[in-house]
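To start, the structure itself, in structure tokens.
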There are 4 protein chains.
Amino acid sequence: MTDESERRTKRADARRNEQALLDAAAAVFVTSGVDAPVREIAARAGVGMGTIYRHFPTRPELVVAVYRHQVEACADAGPRLLDESPTPEAALRAWVALFVEFLVTKHGLAGALQGDSAGSDALHAYFVDRLVPVCGSLLQAAFGRTGARHVPPVDAYNLMKGIGNLCIGAAADPAYDAYRLVQLLVTGVLSGSNR
Amino acid sequence: MTDESERRTKRADARRNEQALLDAAAAVFVTSGVDAPVREIAARAGVGMGTIYRHFPTRPELVVAVYRHQVEACADAGPRLLDESPTPEAALRAWVALFVEFLVTKHGLAGALQGDSAGSDALHAYFVDRLVPVCGSLLQAAFGRTGARHVPPVDAYNLMKGIGNLCIGAAADPAYDAYRLVQLLVTGVLSGSNR
Amino acid sequence: MTDESERRTKRADARRNEQALLDAAAAVFVTSGVDAPVREIAARAGVGMGTIYRHFPTRPELVVAVYRHQVEACADAGPRLLDESPTPEAALRAWVALFVEFLVTKHGLAGALQGDSAGSDALHAYFVDRLVPVCGSLLQAAFGRTGARHVPPVDAYNLMKGIGNLCIGAAADPAYDAYRLVQLLVTGVLSGSNR
Amino acid sequence: MTDESERRTKRADARRNEQALLDAAAAVFVTSGVDAPVREIAARAGVGMGTIYRHFPTRPELVVAVYRHQVEACADAGPRLLDESPTPEAALRAWVALFVEFLVTKHGLAGALQGDSAGSDALHAYFVDRLVPVCGSLLQAAFGRTGARHVPPVDAYNLMKGIGNLCIGAAADPAYDAYRLVQLLVTGVLSGSNR
DNA sequence: GATGAATGAGGTTTCATTCAT
DNA sequence: AATGAATGAAACCTCATTCAT
């Protein structure tokens with residue numbers, strides 16, 4: 001066995017474990033929230049607790065890793081939707097729908113986005129860093145077209161956080177329609193006035 | 001001292017204790033959230049922990065008791081605002097502003113409203129029971145005036161819960177303007193369409 | 001039952017527990033050293049772990065409490081021995097013998113006296129604060145009598161710490177005679193020269 | 001490559017690894033004590049943790065190996081000092097100074113010398129086996145010269161262990177002068193009496 | 001032989017809740 | 001009724017040690 005193939009083998013092992021952890025964490029987060037006990041996640045992944053700490057020394061790192069794929073997909077969808085949609089408003093609505101879909105299916109994620117106002121929390125920071133610019137572009141495009149004299153009544157950070165908040169607890173309550181509420185919020189925003 | 005006077009004395013004692021507990025809990029909730037340690041509340045009230053359990057066997061019961069006055073005030077304000085406001089829409093906006101004011105100043109309260117969708121959580125149930133009808137009246141009034149062919153795009157329960165969600169974490173993040181977002185949501189609702 | 005007797009009853013309870021803890025800790029310290037697991041001490045005392053934390057929030061506080069009586073006895077013995085002994089040198093030797101007796105019978109205590117050089121460790125600090133002055137008086141008395149031109153070749157802090165060190169591990173090694181070594185050190189000190 | 005040359009190559013490899021480990025351990029012991037985490041040592045040596053266990057299955061074996069050179073140097077210095085010094089007492093003092101110098105600069109080493117009285121601990125056993133005879137010769141020489149009727153008030157084992165103990169924690173406490181105390185102890189020993 | 005990922009025992013600390021006084 | 005001491009489950013995190021690759 002060559003050095004290289006040996007290295008690859010080991011990495012494959014570790015990667016398999018890491019994937020098992022991400023899958024387990026995703027599943028546990030759904031049922032027990034992102035603050036679920038480390039032991040529970042480890043047990044579901046079929047690994048020892050130490051293994052979690054090796055791969056993800058802190059909890060935010062794990063949470064970020066669990067949702068990284070979807071956050072990236074969301075971020076990438078922004079520019080694409082702007083291209084493909086008939087109007088910027090439609091692009092914003094479509095993107096918001098994607099974002100809601102993402103948050104609603106990840107129980108507890110929306111709540112975990114709060115974090116310190118200081119932005120010190122790694123998860124919150126990651127979401128903000130990655131998605132606020134995307135959301136901002138869409139928002140600006142929508143208002144650019146609406147008329148030069150109009151400016152958005154909220155900035156992208158507020159809109160993002162508002163959407164995130166509206167999605168909290170959505171999956172657990174069939175009577176609560178987060179999607180509808182978010183679209184109404186967007187309607188309010190696009191109406192260009194907060195009064 | 002007669003048996004009766006003794007009983008009366010004890011009741012006065014107990015009532016005084018209960019009030020001290022409510023005041024202490026309100027203060028602690030503001031700084032440490034509604035999940036603050038029991039000990040902290042007891043200490044601030046100057047009573048033993050057992051006393052809390054005697055008066056409020058479960059935490060939701062305590063939380064409900066702490067905020068009962070303000071919930072009642074909110075509920076009472078609904079009909080009054082409908083009378084006093086120039087339009088039903090204005091009444092709705094004014095009421096919503098009251099509700100937001102209430103939630104934002106009570107650190108952690110908005111988050112605690114989640115509870116099970118089954119309505120099994122005492123706090124959630126109390127809020128819903130008491131305020132959804134009020135909110136419903138205002139909503140109906142606004143749409144009744146707007147035109148017979150219009151129906152609200154969301155029911156009062158969804159609107160209430162959406163407003164509650166938008167207020168989560170508002171006090172901790174100066175960059176987040178819950179009031180503005182809620183009003184934009186109301187704008188969206190009143191625009192009569194979710195598309 | 002009067003308020004006062006009731007209070008006394010409760011205190012008696014707590015005091016009994018505290019004493020059980022001190023006894024258990026003393027016993028466990030002998031076999032497992034002063035870093036013995038909290039659980040072990042709690043188990044031996046027949047109390048829950050939380051009870052230890054209630055009475056002694058930090059480990060040094062527990063250790064200090066365990067040995068306080070004996071430290072105080074040692075401190076009190078200093079002046080008395082100076083009065084009763086035929087010479088100051090004899091007083092110093094007698095006191096040192098007492099101190100050695102104390103340390104040798106408390107397995108692990110001598111080692112625990114190390115602590116940070118900064119003196120930040122509570123146990124180390126307590127020993128130093130309480131005993132160095134006593135040891136200093138004896139030392140000064142011995143040298144005062146020996147002749148005005150003589151000064152001790154070490155200060156009381158060094159002598160104390162040296163004696164403490166010589167006692168480390170004494171109980172565990174029958175071939176090691178800490179008492180003898182300490183007296184030889186004192187002989188060296190009293191000989192008035194380090195060369 | 002022949003089998004033999006391959007074996008030789010591997011041995012060179014292994015020896016290089018072992019040396020790297022010894023160097024790394026020596027460095028880490030200075031900063032973190034002889035109980036430093038295995039990982040830390042492995043990392044500094046640039047090898048895997050398993051390699052440490054292959055070369056030194058137990059920690060005492062590693063510690064012994066790390067200090068073997070210096071222990072041997074100490075042992076060798078004994079006879080030489082006896083030859084070169086003007087008096088046996090001077091030789092003893094010089095040797096003791098060497099030993100103290102060694103212990104004080106090796107953070108945590110003195111403390112690790114304790115071990116079981118049964119001599120089961122490999123580190124303790126090695127030190128005793130190697131140095132007690134040397135110390136014994138010097139002691140005997142000093143007392144032989146002093147007068148036939150004098151015998152040392154302590155045996156070499158006690159003196160060695162006493163010196164070792166006096167050096168515990170010396171590096172961490174600038175106010176503690178282990179060298180001075182040890183010389184005073186030797187003075188006491190040479191004064192030929194423990195009373 | 002070497003590697004380092006994985007394991008899991010072991011120690012710590014916090015707090016909701018009970019119950020003797 | 002009130003008290004608050006006691007309980008102990010629960011969660012965290014760290015390493016020594018093993019073993020598959």
Exercise. Of the nucleotides dT17(E), dT14(E), dA11(F), which has the atom closest to the Pro37(A) side chain?
Worked result: dA11(F)
Exercise. Can you tell which of dT3(E), dT17(F), dG8(F) lies closest to the side chain of Met49(C)?
Worked result: dG8(F)
For this session: Go through DNA chain F and write down every stem, that is, every run of at least three consecutive Watson-Crick or G-U wobble pairs with distances under 3.5 Å, as range with range.
Result: E:2-21 with F:2-21
Exercise. For dA2(F), does either OP1 or OP2 sit under 4.0 Å from a side-chain N or O belonging to Asn17(B)?
Worked result: yes
Problem set entry | Ala14(D) side chain, from C-beta outward: closest of dT7(E), dA2(E), dA6(F) | dA2(E)
Exercise. How far apart are the closest heavy atoms of Val34(C) and Arg59(C), and which atoms are they?
Worked result: O-NH1, 2.9 Å
Exercise. Rounded to the nearest 0.5 Å, how far does CG of Leu109(D) lie from CD of Gln70(D)?
Worked result: 9.0 Å
Exercise. Between Thr51(A) and Ala36(C), who's closer to the 5' end of DNA chain E by nearest nucleotide?
Worked result: Thr51(A)
For this session: Provide the closest heavy-atom pair for Glu18(D) versus Phe56(D) in the form atom of the first, atom of the second, distance.
Result: CG-CZ, 3.8 Å
When the side chains of residues 19-30 of chain C are checked against the rest of the protein, which donor-acceptor pairs come out under 3.5 Å, sequence neighbours left out?
| residue | atom | partner | partner atom | Å |
| --- | --- | --- | --- | --- |
| Gln19(C) | NE2 | Asp23(C) | OD1 | 3.1 |

Seminar exercise, completed: Per nearest nucleotide of DNA chain E, the residue lying toward the 5' end, Asp35(B) or Gly50(B), is Asp35(B)
For this session: May I have the distance from Leu21(D) (atom CG) to dG1(E) (atom P), rounded to whole angstrom?
Result: 14 Å
For this session: Measure the spacing between CZ of Arg68(B) and CD of Glu61(B) and express it to the nearest 0.5 Å.
Result: 10.0 Å
Problem set entry | Tyr53(C) side chain, from C-beta outward: closest of dG1(E), dT13(E), dC12(F) | dT13(E)
For this session: Please list, by residue number, the residues of residues 55-66 of chain A whose heavy atoms come closer than 4.0 Å to an atom of DNA chain E; answer none if no residue qualifies.
Result: His55(A)
Exercise. Counting only side-chain N and O atoms of Arg39(D), is one of them less than 4.0 Å from OP1 or OP2 of dC15(F)?
Worked result: no
Problem set entry | Ile41(C) CD1 - dT13(E) P separation (whole Å) | 12 Å
